[in-house]
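Only one structure is covered here, and it is reproduced in the block below.
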Amino acid sequence: MVEGFGKGHHLHLIDGSAFIFRAYHALPPLTRRSDGLPIGAVAGFCNMLWKYIQDGNGSDAPTHAAVIFDHSAKTFRNDIYPLYKANRPELPEDLRPQFPLTREATRAFNIACIETEGYEADDIIATLSCQAREAGGRVTIISSDKDLMQLVGGGVEMLDPIKGKAIGPDEVREKFGVGPERVVDVQALAGDSVDNVPGAPGIGIKTAAQLIGEYGDLETLLARAEEIRQPKRRQTLIENAEQIRISKRLVQLDCATPLDFGFDTLSIREPEPGALLDFLTRMEFRTLTNRVAERFGAEAPPPPEAAPAQAEGAELPAIERSLYTIIRDEEALAEWLAEIAEKGVVAIDTETTGLDEMQAELVGVSLCTGPGRAAYLPLGHVDGAADLFGSGARAAGQMPMARALEMLKPVLEDAAVLKIGQNIKYDWKILARHGIRMAPIDDTMLLSYALNAGAHNHGMDELAREYLGHDCVPIKALIGSGKAQIGFAQVAIDKAGEYAAEDAEVTWRLWHHFRPKLAPNRVTTAYERLERPMVPVLAAMEMAGVRIDAEHLKRMSNAFAQKMAGLEDEIHGLAGESFNPGSPKQLGEILFDKMGLTGGKQGKTGAYSTSADVLEDLAAEGHDLPARVLDWRQLSKLKSTYTDALPTFVNPETGRVHTSYSIAGAQTGRLASTDPNLQNIPVRTEEGRRIREAFIAAPGMRLVSLDYSQIELRILAHVAAIPALKQAFREGIDIHAMTASQMFGVPVEGMDPMIRRRAKAINFGVIYGISGFGLARNLRIPRSEAQAFIDTYFERFPEIRAYMDSTVADAKENGFVRTLFGRRIMTPGINQSGPAAGGARRAAINAPIQGAAADIIRRAMIRMPEAISGLPATMLLQVHDELVFEVEEGAVDDLIAAARAVMEGAADPAVHLDVPLVVEAGQGASWAEAH
DNA sequence: CTCGTCACG
DNA sequence: GACGTACGTGACGAGT
């Protein structure tokens with residue numbers, strides 16, 4: 001018996017979670033202007049609710065309505081089958097904090113808002129539908145989720161809100177091949193890869209519907225499975241009977257969800273204008289607020305003060321270190337955590353024993369919730385001074401690390417609490433090693449980078465000085481420098497606390513400064529889509545590391561040492577004296593003073609240049625000494641930078657090499673790799689390429705390398721709109737040969753390789769902001785000839801000059817350039833005069849091209865984890881236009897297909913390129929084989 | 001700590 | 001007409 005609901009009544013059930021996801025994906029990542037809170041999904045959600053209310057449905061208007069939400073990820077279905085929904089992709093981190101706000105929005109619209117712990121929205125919808133149907137009323141479920149189709153019939157129908165199409169029994173039959181009452185049987189057999197419902201392998205919806213049609217229902221089918229004629233089908237049904245029954249329990253909606261409210265609470269109510277307007281104003285939805293105000297004839301509350309101008313003026317009090325507290329026990333920590341949960345935002349900084357996130361030990365955590373509200377939680381301090389050898393005695397006044405981390409974890413993983421860091425990838429990795437996956441996150445370094453790449457670097461001390469007028473305590477004041485340097489763990493807790501908590505407060509203040517500047521500077525999308533999501537992706541790659549064959553490298557080192565010793569003897573013999581061939585100074589004096597060779601150019605320091613091209617010219621004239629030195633240098637480089645150095649980077653715990661990528665290191669959006677740099681492993685010479693043989697896959701695995709072909713030239717073709725270039729890329733013809741053919745009027749067939757080489761050099765030169773001088777040097781031709789090539793090139797492809805001129809003009813006018821994807825790169829010095837202007841000009845021309853290529857591979861990397869989540873594969877390395885994976889032998893082809901699809905489609909849907917992106921793939925036991 | 005050099009894209 | 005230049009990085013050894 002249902003109180004207050006029966007014949008003539010009409011209940012609308014809105015699938016709230018589906019609304020949120022649709023809103024999230026349909027809209028760009030909007031943020032609240034005043035504080036940068038992600039708000040796009042809430043905005044879309046509110047617009048949909050408002051539209052829904054305005055529609056009214058005329059004579060078919062509902063008498064009752066409710067919005068139903070999923071409560072939590074874990075439901076009773078996980079008890080039945082632990083893997084249920086296990087392969088769901090992670091929620092986008094800027095979406096989670098919006099969940100509570102969508103509940104608030106629903107209430108503000110005065111619509112019943114329902115969720116129940118342990119049950120999915122679908123179960124609540126099922127229960128309400130069943131009860132309403134039994135009471136003799138009608139139900140419309142506003143959702144397009146096929147899982148709800150089992151409820152259709154007997155007064156219950158669905159409404160697809162996107163298509164505006166009603167879904168009745170006929171539409172269900174069209175989709176599943178059976179009536180609503182047998183939908184669960186079909187779903188149980190077919191399974192569902194999205195929810196990870198196993199079903200019967202090899203049986204899809206079509207076959208399932210046919211079987212159910214033939215046998216009537218699932219139990220009958222399973223009981224009579226022996227009768228099935230097709231041997232494969234028969235076998236799969238018999239073998240998987242239990243799994244199919246479990247699947248049925250997973251897809252069967254629960255019509256007996258406990259509900260703690262009556263139908264009367266669902267009756268339709270007009271929104272309360274005051275409450276609704278208050279909510280919309282707080283969210284800073286101007287258009288919708290005005291619309292709603294107009295509809296109710298109410299006055300729209302004044303919008304909140306335009307933050308930026310005010311914030312500049314309303315200065316925060318100066319940083320005062322004496323306000324900080326040290327958290328020494330559970331009670332104090334609990335209080336801080338409660339405050340953090342309430343504020344929803346915390347700046348965090350971890351202190352460790354070292355700079356290598358893969359080895360450093362956690363020493364303390366500092367937290368800041370606002371100006372003057374910062375604390376330091378010491379966890380791993382030791383009594384430093386006590387004695388030299390027995391050090392490591394734990395300092396007094398610290399709570400146990402395990403307990404502290406246990407208390408921190410829920411807050412650091414709480415979707416409703418934003419964690420702010422300065423270079424937060426570092427802290428993320430430290431905490432990840434303690435089982436904490438911090439989310440959602442913001443990073444002041446990346447905010448600064450999104451706003452001001454190219455203007456300056458983005459280190460904390462620099463940012464604090466520039467934007468807060470504050471000088472941070474230098475770390476050296478605590479730990480000293482050089483020989484006397486101590487570890488952070490040895491620093492006295494009180495001193496450490498001041499330093500650490502200050503860092504957290506500076507971070508909080510920088511966030512407060514930068515966050516509101518994203519939208520007015522139109523870099524919100526760049527930050528949200530190109531910077532912030534890189535943090536967990538890169539952290540995972542760095543933590544995975546790459547396996548190297550240290551023995552192979554050591555053998556190479558020995559061989560190099562022997563060869564070098566031989567060359568050194570030869571060089572000394574040729575010079576007639578002993579000297580260090582590694583010293584440019586000594587070498588220059590030998591070559592140009594002692595031996596009197598020509599071509600000695602002295603730079604500003606007065607030293608002769610002995611760079612490779614100088615030595616190559618001398619060698620070409622027939623001098624042996626410079627030729628030997630070139631050989632010696634190559635070996636010396638390979639040995640010191642690679643074969644000697646790489647084995648020292650092998651992590652003793654993982655046995656692998658873990659690089660670190662800096663996200664905000666390069667001006668253009670490229671990553672930079674350090675400690676060690678794995679983006680400059682040799683490849684151009686045969687000797688060097690052997691070093692790549694030492695980068696190997698684990699046993700049973702392969703390395704797979706995928707790289708973009710000619711990505712920068714393709715971008716140039718698109719942004720400069722060069723028809724000839726675009727057509728060539730679409731037709732897949734040799735782009736350098738095409739260029740040569742256009743320039744010199746020779747056919748592509750049987751082209752002189754020399755001519756092609758020149759065209760290739762020009763194509764690259766264009767990307768770099770070509771000059772006659774540069775091209776002349778690169779091709780070793782007279783400058784006049786080089787200039788003539790460039791002139792011809794611009795004649796044939798006039799769009800390139802137009803692109804270069806307009807880019808430089810933009811840079812001069814705005815002080816920055818942008819990539820296709822909205823990344824902004826500042827161009828300081830573009831308005832200078834004199835020699836420096838040339839460099840700034842070329843950098844401005846190059847930045848949108850190199851930057852767009854960087855954006856594209858970032859987009860691919862961000863999508864990659866989800867795209868390959870079903871494969872036994874890991875993304876390991878990025879080298880600007882190449883991604884390297886480690887994958888189980890049997891899954892190589894699947895990985896290549898999946899990763900290539902992501903990479904080739906990475907520009908979409910933000911930008912539709914006029915040229916295809918092409919990715920080439922290779923695989924092998926080593927990087928040398930894969931590349 | 002800066003410079004020259006050279007590895008990569 | 002001369003200036004100094006291809007764009008973007010990081011690591012190494014030498015020499016201050």
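Below, chain A is the first sequence line, B the second, and so on; all start at residue 1.
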Provide the distance between the two P atoms, one in dA7(B) and one in dC3(C), to the nearest whole Å.
30 Å
In whole Å, measure the gap between the P atoms of dC6(B) and dA6(C) for me.
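Straight-line distance between the two P atoms is 14 Å.
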DNA chain C base-pair string [pairs: Watson-Crick or G-U under 3.5 Å; |: paired with another strand]
......|||||||||.
For dG9(B), does the base pair up with any side-chain atom of Arg684(A) as donor and acceptor (N or O, under 3.5 Å, distance only)?
yes
Is there, by distance only and without an angle test, a donor paired with an acceptor across the side chain of Arg670(A) and the base of dT9(C) below 3.5 Å?
no
For the pair Lys594(A) and Glu577(A), find out whether any cationic side-chain nitrogen is under 4.0 Å from an anionic carboxylate oxygen.
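Salt bridge between Lys594(A) and Glu577(A), a charged N being under 4.0 Å from a carboxylate O: yes.
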Rounding to an integer number of Å, can you tell me how far Arg690(A) CZ sits from dA7(B) C1'?
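Spelled out: CZ on Arg690(A) to C1' on dA7(B) is 18 Å.
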Between dC8(B) atom P and Tyr708(A) atom OH, what is the distance in whole Å?
22 Å
5' to 3', nucleotides 11-16 of chain C under a 4.0 Å protein heavy-atom cut-off (B base, S sugar-phosphate only, - none) gives BSSSSS
Nearest-0.5 Å distance that lies between atom CD1 in Ile735(A) and atom CZ in Arg756(A)
10.0 Å
With a 4.0 Å cut-off on heavy atoms, is Ala612(A) in touch with a base, just the backbone sugar-phosphate, or nothing at all?
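Result for Ala612(A) = sugar-phosphate.
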Does a nitrogen or oxygen in the side chain of Arg842(A) sit under 4.0 Å from OP1 or OP2 of dT5(C)?
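For dT5(C), neither OP1 nor OP2 has a side-chain N or O of Arg842(A) closer than 4.0 Å.
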Taking all non-hydrogen atoms of both residues into account, name the closest pair between Gly454(A) and Pro828(A) and its distance.
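In this case the closest contact between Gly454(A) and Pro828(A) is O-CG, 3.4 Å.
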Are Phe797(A) and Tyr793(A) an aromatic pair, judged by ring center distance below 6.0 Å?
yes
